[in-house]
Amino acid sequence: MKVAPSILTADFLHLERELQRIDKDSDFIHLDIMDGTFVPNISFGFPVVEAVSRAVKSPMDAHLMVVNPEKWFEKLQSLGVQMVSFHLEASGRKTASNLAEIRRLGMKAGIAINPDVPVERLYKYIGKADFFLVMSVFAGFGGQKFIYESLDRVSALKSELLKRGSDALIEVDGGVGMSNIAALREAGVDIVVAGSSVLGAEDPAAMIRSLQEA
Ligand code: DX5
Ligand code: ZN
């Protein structure tokens, strides 16, 4: 299992120190970018992404929770981001062209969906996306409770990917920790995002390793 710690609940006054505690063991650093319109919260923007890029060796995974996500793909590429996901709910008919644009810029392209979006709506993008981000909480805040129905959504998506011979990855985000990591692996998840369970742990690096090995 690959683990992408989210820095949303980090101590931003000591961000460098927080990053040093996770960078060596992380598979990716997950960056939650919110605009206060698509979600009822604002997190951080490009100056923070730029600062993170100078402090970490792990590849950066940007999760755009914004309207008009296509405005920001080039900027993210220029900051060295390797994976970009945007929400299907925010992209509508531009979804396929957004995926193509992210790929054209040399990044891995992902589509994210909130828990109330039928997972079948992702199926027509199989072959066009490098990964699918299935939210296991409603996007907007760290520290929420894992929604268990997400496991069925992942299993359904995983069977569809296998049926079509797709090697696209499945990422799950929200409320992930030691209590659900085994079930997520069994359901077919490739990458978990873990915010509060990692940053809130006494030893974040050890927690990342436990999640990877679970
Ligand atoms: C929620 C974000 C998540 C969040 C995860 O909108 O997309 O990445 O930071 O945090 P935890 O692991 O605390 O649920
Ligand atoms: Zn996220």
Side-chain angles (χ1 to χ4, degrees), residues 4 6 8 28 30-46 49 59-141 144 147 149-174 187-193:
S6 159
L8 190 59
F28 307 95
H30 184 84
L31 302 168
D32 288 302
I33 300 175
M34 306 179 186
D35 66 355
T37 298
F38 179 69
V39 286
N41 194 12
I42 294 177
S43 53
F44 51 79
F46 301 120
V49 177
M60 294 182 290
D61 166 31
H63 174 195
L64 292 174
M65 288 161 272
V66 306
V67 297
N68 304 318
E70 63 282 357
K71 281 187 175 172
W72 314 114
F73 300 155
E74 273 188 34
K75 179 72 185 171
L76 292 168
Q77 185 229 27
S78 76
L79 295 174
V81 167
Q82 270 109 324
M83 293 171 67
V84 177
S85 60
F86 58 87
H87 274 258
L88 182 65
E89 308 93 295
S91 58
R93 271 179 291 151
K94 287 192 181 153
T95 302
S97 61
N98 284 350
L99 291 168
E101 175 65 5
I102 294 170
R103 283 178 158 183
R104 191 187 67 77
L105 291 164
M107 301 181 289
K108 299 287 181 205
I111 312 179
I113 52 168
N114 264 314
D116 59 353
V117 177
V119 74
E120 295 76 21
R121 284 186 51 196
L122 295 174
Y123 295 177
K124 70 177 191 193
Y125 302 104
I126 293 174
K128 298 190 164 95
D130 298 298
F131 68 104
F132 295 98
L133 200 180
V134 177
M135 292 300 298
S136 41
V137 301
F138 280 88
F141 300 90
Q144 303 181 74
I147 299 173
E149 287 75 21
S150 311
L151 294 171
D152 294 335
R153 293 155 58 72
V154 169
S155 303
L157 175 58
K158 183 70 184 178
S159 349
E160 191 67 22
L161 291 172
L162 289 172
K163 200 168 92 191
R164 309 250 202 118
S166 165
D167 58 3
L169 302 179
I170 302 179
E171 181 174 33
V172 165
D173 183 2
V189 175
D190 302 286
I191 306 169
V192 288
V193 176

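In terms of heavy-atom proximity, Ala187 sits nearest to Val154 at O-CG1, 3.5 Å. Contact between Ala62 and Val81 at its shortest, heavy atoms only, is CB-CG1, 3.9 Å.
With values rounded to the nearest 0.5 angstrom, Leu157 atom CG is found 12.5 Å from Asp152 atom CG. Annotation: the span from Leu169 atom CG to Leu161 atom CG amounts to 9.0 Å, rounded to 0.5 Å. Atom CD1 of residue Ile102 and atom CD of residue Gln77 lie 11.0 Å apart, to the nearest 0.5 angstrom. Summarising the geometry, atom CG belonging to Asp190 is positioned 11.5 Å from atom CZ belonging to Phe131; distances are rounded to the nearest 0.5 Å. Atom CZ of Phe73 is separated from atom CG of Leu99 by 8.0 Å, given to the nearest 0.5 angstrom. For the atom pair CZ of Arg103 and CG of Asp130, the computed distance is 4.0 Å after rounding to the nearest 0.5 Å.
Between the side chain of Ser166 and the main chain of Gly127, no donor-acceptor pair closer than 3.5 Å is present. Checking side-chain atoms of Asp173 against main-chain N and O of Met135 turns up no donor-acceptor pair under 3.5 Å. Counting only distance, with no hydrogens or angles, the side chain of Ser136 and the backbone of Gly174 share a donor-acceptor pair below 3.5 Å.
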- Dump the intermediate steps for side-chain contact (heavy atoms from CB on, under 4.5 Å) on Val193 and Phe28, then the final yes or no. CA-CA 9 Å; Val193 176; Phe28 307 95; over 6 Å; no
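Counting heavy atoms from C-beta on, the side chains of Leu76 and Ile33 come closer than 4.5 Å. You'll find the side chain of His30 stays beyond 4.5 Å of the side chain of Ile191, heavy atoms only. Taking the side chain as every heavy atom from C-beta outward, Phe141 and Val39 never approach each other to under 4.5 Å.
Partners of Asp35 under the salt bridge (charged side-chain N to carboxylate O under 4.0 Å, His left out) rule, at least two apart in sequence or in another chain, do not exist in this structure. Applying the side-chain hydrogen bond (donor to acceptor under 3.5 Å, both in side chains) criterion to Glu160, with sequence neighbours excluded, gives Lys163, Arg164. With sequence neighbours excluded, the residues satisfying side-chain hydrogen bond (donor to acceptor under 3.5 Å, both in side chains) with Ser91 are Thr95. For Asn98, the side-chain hydrogen bond (donor to acceptor under 3.5 Å, both in side chains) criterion is met by no residue, not counting sequence neighbours.
Classification of the His63-His87 ring pair by plane angle, with boundaries at 30° and 60°, yields parallel.
Pairs of residues two or more places apart, or lying in two chains, that qualify as salt bridge (Lys or Arg N to Asp or Glu O under 4.0 Å) and include a residue from residues 63-86 are Glu70-Lys94.
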Contacts table for residues 105-125: side-chain donor-acceptor under 3.5 angstrom, sequence neighbours left out:
residue: Asn114; atom: OD1; partner: Ala139; partner atom: N; Å: 2.9
residue: Asn114; atom: ND2; partner: Glu89; partner atom: OE2; Å: 3.0
residue: Tyr123; atom: OH; partner: Ala156; partner atom: O; Å: 3.4

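Centroid-to-centroid, the aromatic rings of Phe46 and Trp72 come within less than 6.0 Å.
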